[in-house]
**Q** 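Got a structure here, written out as structure tokens. Questions coming.
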Amino acid sequence: MRPLNRRRLSNFKANRRGYISLWIFCVLFFISLFAEFVANDKPLIVYYDGRILFPVFKAYPETRFGGEFPSEADYHDTYVVSLIEGKGWMIWPLIPYSYDTVVYGLPAPASPSVQNWLGTDDQSRDVLARLIYGFRISVLFGLTLTFFSIIIGVSAGAVQGYFGGLVDLSFQRFMEIWSAMPTLYLLIILASIVQPNFWWLLGIMLLFSWMGYVGVVRAEFLRARNFNYVRAAKALGVSNSLIIFRHILPNATVATVTFLPFNLSGAITALTALDFLGFGLPPGSPSLGEMVTQARNNLHAPWLGLTSFFALAIMLSLLIFIGEAIRDAFDPRKTFSSRRDDGK
């Protein structure tokens, strides 16, 4: 590992709050990625009549267990449970409910209990299961939006700053017009025409989210294009694309990296706000914004409000702490401080 990268890693670890937050966030995200194995209304393993079945991967009809209906077996049905336990056994996930499973026999909403650790919402769905699935879809949406925004924004800023002149001027005027577009109103209009979904929302928000990266990268390229090594590369006949993406871009993206956790938190907050306003994911989708709406509509069930508040507060706080640690890692003053410490 290069000395500079070692110093950056050392600076990142020195920020204990950000370093621990990164581990906590990664563990939570890893758990949510395998939500089907943590919260599901289907058993992980079923041993029936001498054979091992995996309902979490494959749908089995009720007739497979000696039932009467060819439709998929309902493993919470007492009749199906008795059929399976008569010739085998089942292993359930930690939470025996999925995000859309209706828990019968309880009031809606129901307070936290041994059966439902965070209670149920006003449609009798387990809150903890919806929280796990909602965390996953929020983080995946934020990561995907941030990834594509970086590709578009960094590329646009690189071209704009490298060539300058008329290219730079024309693109600046375009961005001024494009950034003046009323994003929220546009989403509301389109939501009344098309049923929103994950990729539809991603595409609409991507139209505007990339502009935040352009200014940072453009400034770095305007500064670096006059460096001696860039002029030497041009004199040797090196192509513009090779100079942009191999020689200048690695240095220019350093400033962009420090913004990633903050932009990720902004993307998650935007999705939550759209879901809360009713212009986000389809109804019934596991969403943190939908959980906030549930809390607003059921003030007599305080566990809904507390769950949604603490889930968002913890997630965004972790990302902010990680962003602060990354900023410290790339801070040249702290790098110079480490260099002086090494020389002592």
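Reckoned from all heavy atoms, side chains included, excluding hydrogens, waters and symmetry mates.
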**Q** Taking only residues two or more places apart in sequence or in another chain, which ones pass ring-ring contact (aromatic ring centres under 6.0 Å, His included) with Phe141?
**A**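 Expected list: Phe198.
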**Q** Name all residues meeting the side-chain hydrogen bond (donor to acceptor under 3.5 Å, both in side chains) criterion together with Tyr79; count only those two or more places apart in sequence or in a different chain, and write none if there are none.
**A**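 side-chain hydrogen bond (donor to acceptor under 3.5 Å, both in side chains) check on Tyr79 returns nothing, list empty.
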**Q** Could you pull out the closest heavy-atom pair between Pro282 and Asn197, with the gap in Å?
**A** CD-CA, 4.0 Å
**Q** Are Glu36 and Lys42 ion-paired here, with the side-chain N under 4.0 Å from a carboxylate O?
**A**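 Answer for the salt bridge query: no.
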**Q** Of the non-hydrogen atoms in Tyr213 and Val154, which two are nearest, and what is the gap between them?
**A**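 Answer, listing the atom of Tyr213 first, then Val154: CB-N, 4.4 Å.
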**Q** Are Val103 and Val80 co-members of a hydrophobic cluster defined by side-chain heavy atoms under 4.5 Å apart?
**A** no
**Q** Within a 6.0 Å radius of atom CZ on Phe309, are there more than 12 heavy atoms belonging to other residues, nucleotides or ligands?
**A** no
**Q** Does atom NZ of Lys87 have more than 12 heavy-atom neighbours, drawn from other residues, nucleotides or ligands, at distances under 6.0 Å?
**A** no
**Q** Of all heavy-atom pairs between Ala108 and Asp122, which one has the smallest distance, and what is that distance?
**A**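 Looking at all heavy atoms of both residues, the closest pair is CB-O, 3.6 Å.
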**Q** Tell me which one of Asp41, Asn40, Thr120 satisfies side chain to side chain donor-acceptor pair (under 3.5 Å) with Thr101.
**A**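 Only match with Thr101 under side chain to side chain donor-acceptor pair (under 3.5 Å): Asp41.
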**Q** Sort out for me which residue in Leu312, Val127, Thr272 forms a side chain to side chain contact (heavy atoms under 4.5 Å, CB included) with Met291.
**A** Val127
**Q** Taking CG in Asn226 as the centre, count heavy atoms belonging to other residues, nucleotides or ligands within less than 6.0 Å. Is the count above 12?
**A** yes
**Q** Taking side-chain hydrogen bond (donor to acceptor under 3.5 Å, both in side chains) as the test, write out the residues that go with Arg16, two or more places apart.
**A**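 Expected list: none.
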**Q** How far apart are the C-alpha atoms of Val102 and Gln123, what are their side-chain angles, what is the distance that settles it, and do they pass the side-chain contact (heavy atoms from CB on, under 4.5 Å) test?
**A** CA-CA 7 Å; Val102 177; Gln123 298 183 39; over 6 Å; no
**Q** Quick one: does Ser32's side chain have a donor or acceptor within less than 3.5 Å of a partner on Phe29's backbone?
**A**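 Indeed, once roles are kept as given, a pair shorter than 3.5 Å links the two residues.
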**Q** I'd like to know if the side chain of Ser265 and the backbone of Phe262 have a donor-acceptor N/O pair within less than 3.5 Å.
**A**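 Side chain of Ser265 to backbone of Phe262, a donor-acceptor pair under 3.5 Å: yes, one is there.
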**Q** Which ILVMFWY residues can you reach from Val216 by hopping between side chains whose heavy atoms are under 4.5 Å apart?
**A** Phe259
**Q** Apply side-chain contact (heavy atoms from CB on, under 4.5 Å) to residues Leu304 and Asp121 and explain how you reach the verdict.
**A** CA-CA 7 Å; Leu304 296 177; Asp121 60 13; 4.3 Å; yes
**Q** Linking Ile, Leu, Val, Met, Phe, Trp and Tyr by side-chain heavy atoms under 4.5 Å, what else ends up with Leu166?
**A** none
**Q** What are the two closest non-hydrogen atoms of Ile268 and Ser138, and how far apart are they?
**A** CG1-O, 3.6 Å
**Q** Using side-chain hydrogen bond (donor to acceptor under 3.5 Å, both in side chains) as the criterion, list what pairs up with Arg223, not counting sequence neighbours.
**A**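 Partners of Arg223 by the side-chain hydrogen bond (donor to acceptor under 3.5 Å, both in side chains) criterion, ordered by chain and then number, come out as Glu220.
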**Q** Which heavy-atom pair separates Asp275 from Gly289 by the least distance, and what is that distance?
**A**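 Taking Asp275 first and Gly289 second, the nearest heavy atoms are CB-CA, 3.7 Å.
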**Q** Which pairs pass salt bridge (Lys or Arg N to Asp or Glu O under 4.0 Å) with one or both residues in residues 283-303, sequence neighbours excluded?
**A** Arg125-Glu290, Arg130-Glu290
**Q** Do Thr146 and Ile150 have side chains that get closer than 4.5 Å, going by heavy atoms?
**A** yes
**Q** I'd like to know if the side chain of Asn116 reaches the main chain of Pro112, judged simply by a donor and an acceptor atom lying under 3.5 Å from each other, with no hydrogens or angles considered.
**A**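 Checked: no pair found.
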**Q** One pair to check against side-chain contact (heavy atoms from CB on, under 4.5 Å): Asn240 and Phe163. What are the steps and the verdict?
**A** CA-CA 9 Å; Asn240 290 327; Phe163 292 103; 3.7 Å; yes
**Q** Parallel, tilted or perpendicular: which one describes the rings of Phe34 and Phe37, with boundaries at 30° and 60°?
**A**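 Because their plane-to-plane angle lies in the 30° to 60° range, the rings of Phe34 and Phe37 count as tilted.
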**Q** Using the test side-chain contact (heavy atoms from CB on, under 4.5 Å), find all partners of Ile177 that sit at least two apart in sequence or belong to another chain.
**A** none
**Q** What distance do Ile20 atom CD1 and Leu318 atom CG have between them, rounded to the nearest 0.5 Å?
**A** 11.0 Å
**Q** To check you understand the geometry: which heavy-atom pair defines the closest contact between Pro107 and Ser124, and what is its length?
**A**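 Minimum heavy-atom separation between Pro107 and Ser124: O-OG, 4.3 Å.
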**Q** Would you please name every residue forming a ring-ring contact (aromatic ring centres under 6.0 Å, His included) with Phe148, sequence neighbours left out?
**A**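 Counting only residues at least two positions away or on another chain, Phe148 forms no ring-ring contact (aromatic ring centres under 6.0 Å, His included).
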**Q** Does any N or O in the side chain of Ser155 come within less than 3.5 Å of the main-chain N or O of Ile151, such that one atom is a donor and the other an acceptor?
**A**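 Checking the backbone N and O of Ile151 against the side chain of Ser155, a donor-acceptor pair under 3.5 Å is found.
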**Q** Verify side-chain contact (heavy atoms from CB on, under 4.5 Å) between Asp126 and Leu118, making sure each step is shown before the conclusion.
**A** CA-CA 7 Å; Asp126 187 79; Leu118 295 180; over 6 Å; no
**Q** Tell me every residue that passes side-chain hydrogen bond (donor to acceptor under 3.5 Å, both in side chains) with Asn15, counting only those two or more places apart in sequence or in another chain.
**A**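 Partners of Asn15 under the side-chain hydrogen bond (donor to acceptor under 3.5 Å, both in side chains) test: Asp328.
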**Q** Taking Leu222 as the starting point, is it possible to reach Val230 by hopping between hydrophobic residues whose side chains are less than 4.5 Å apart?
**A** no
**Q** Regarding Arg225 and the six-membered ring of Tyr162, is the cationic atom NZ or CZ under 6.0 Å from the ring centre and inside 45° of its axis?
**A**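 No, Arg225 does not lie over the aromatic ring of Tyr162.
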**Q** Would you give me the side-chain donor-acceptor pairs under 3.5 Å for residues 46-66, sequence neighbours excluded?
**A**
unit_1	atom_1	unit_2	atom_2	d
Tyr48	OH	Phe65	O	3.1
Tyr60	OH	Phe54	N	3.4
Glu62	OE2	Glu68	N	3.3

**Q** Would you call the rings of Phe227 and Tyr229 parallel, tilted or perpendicular, where under 30° means parallel and over 60° means perpendicular?
**A**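 Taking Tyr229 first and then Phe227, their aromatic rings sit tilted (interplane angle of 30° to 60°).
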**Q** For Phe174, is the CZ atom crowded, meaning more than 12 foreign heavy atoms sit under 6.0 Å from it?
**A**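 Above 12, so yes.
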**Q** Scan residues 92-120 for pairs that pass ring-ring contact (aromatic ring centres under 6.0 Å, His included), counting only residues two or more places apart or in two chains.
**A** His76-Trp92, His76-Tyr97, Tyr99-Tyr133
**Q** Would you give the length of the straight line joining atom CZ of Phe147 to atom CG of Leu264, rounded to the nearest 0.5 angstrom?
**A**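 The CZ atom of Phe147 sits 14.0 Å away from the CG atom of Leu264.
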